[in-house]
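Taking it in order: structure first as structure tokens, then the write-up.
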Amino acid sequence: MFGTGKGFFGALIGLIIFSIIVFFVIYLLVPDVSIRFFGISVNSDEYIDQSIGDAISSLDLPDGVVSDLQDYLSSPEGEAYLESAQQAVGNSADKALSYFSSESFKELLQSAGEAVASGAETVSDFFQAHPVTE
């Protein structure tokens with residue numbers, strides 16, 4: 001592929017083709033590395049959903065409130081909120097993963113859960129009043 005006698009342009013084309021192949025191998029077969037180096041992955045949405053689920057499960061809230069949070073975040077309105085949060089922190093998967101696993105997001109979920117548990121607000125009202133501005 002990079003042998004002698006090909007000239008500069010032959011070697012350059014070979015290197016470009018090799019780089020493309022390596023990119024797609026990493027992108028398709030090693031998603032953790034792909035997210036870390038490229039900020040994207042084939043199944044980055046699954047990693048983001050897992051990060052959100054981990055953040056929700058780490059909360060110290062009653063089960064009914066946790067299920068209300070999960071129901072809201074899986075609804076179209078909640079998905080729109082998560083999409084706006086992703087755009088606010090940057091559209092790459094690694095930035096979204098770091099935000100959704102951060103303490104600030106967990107504190108936001110904790111505040112939402114406490115507001116719902118006290119009856120002060122619904123989950124939808126809380127998230128409409130607290131947009132992501134990071």
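- For Asp54, the side-chain contact (heavy atoms from CB on, under 4.5 Å) partners are Gln50, not counting sequence neighbours.
- Across all non-hydrogen atoms, the minimal contact from Ser74 to Glu79 is O-OE2, 3.3 Å.
- Nearest heavy-atom pair, Ala112 versus Leu69, reported as atom, atom and distance to 0.1 Å: CB-CD2, 4.0 Å.
- No side-chain N or O of Ser124 forms a donor-acceptor pair with one of Thr122 less than 3.5 Å apart.
- One distance of note links CD of Glu103 with CD of Glu107; it measures 6.5 Å at 0.5 Å rounding.
- Residues satisfying the side-chain contact (heavy atoms from CB on, under 4.5 Å) test with Val65, not counting sequence neighbours, are Leu61, Pro62, Val116, Ala117.
- With sequence neighbours excluded, no residue satisfies side-chain hydrogen bond (donor to acceptor under 3.5 Å, both in side chains) with Ser58.
- In this view, Ser75 and Tyr72, Glu77 satisfy the side-chain contact (heavy atoms from CB on, under 4.5 Å) rule, not counting sequence neighbours.
- By the side-chain hydrogen bond (donor to acceptor under 3.5 Å, both in side chains) test, Asp71 pairs with no residue at all, sequence neighbours left out.
- Leu82 CG to Leu73 CG: the interatomic distance, rounded to the nearest 0.5 Å, is 5.0 Å.
- Looking at Leu109 and Phe126, their side chains never come closer than 4.5 Å, going by heavy atoms from C-beta outward.
- Atom-to-atom distance recorded for Phe24:CZ and Ser19:OG is 12.0 Å, nearest 0.5 angstrom.
- Under the rule for a side-chain hydrogen bond (donor to acceptor under 3.5 Å, both in side chains), Gln70 has no partner lying at least two apart in sequence or in another chain.
- Here ring pair (Phe, Tyr, Trp, His ring centres under 6.0 Å) pairs that include residues 102-125, with residues two or more places apart or in two chains, are Tyr99-Phe105, Phe100-Phe105.
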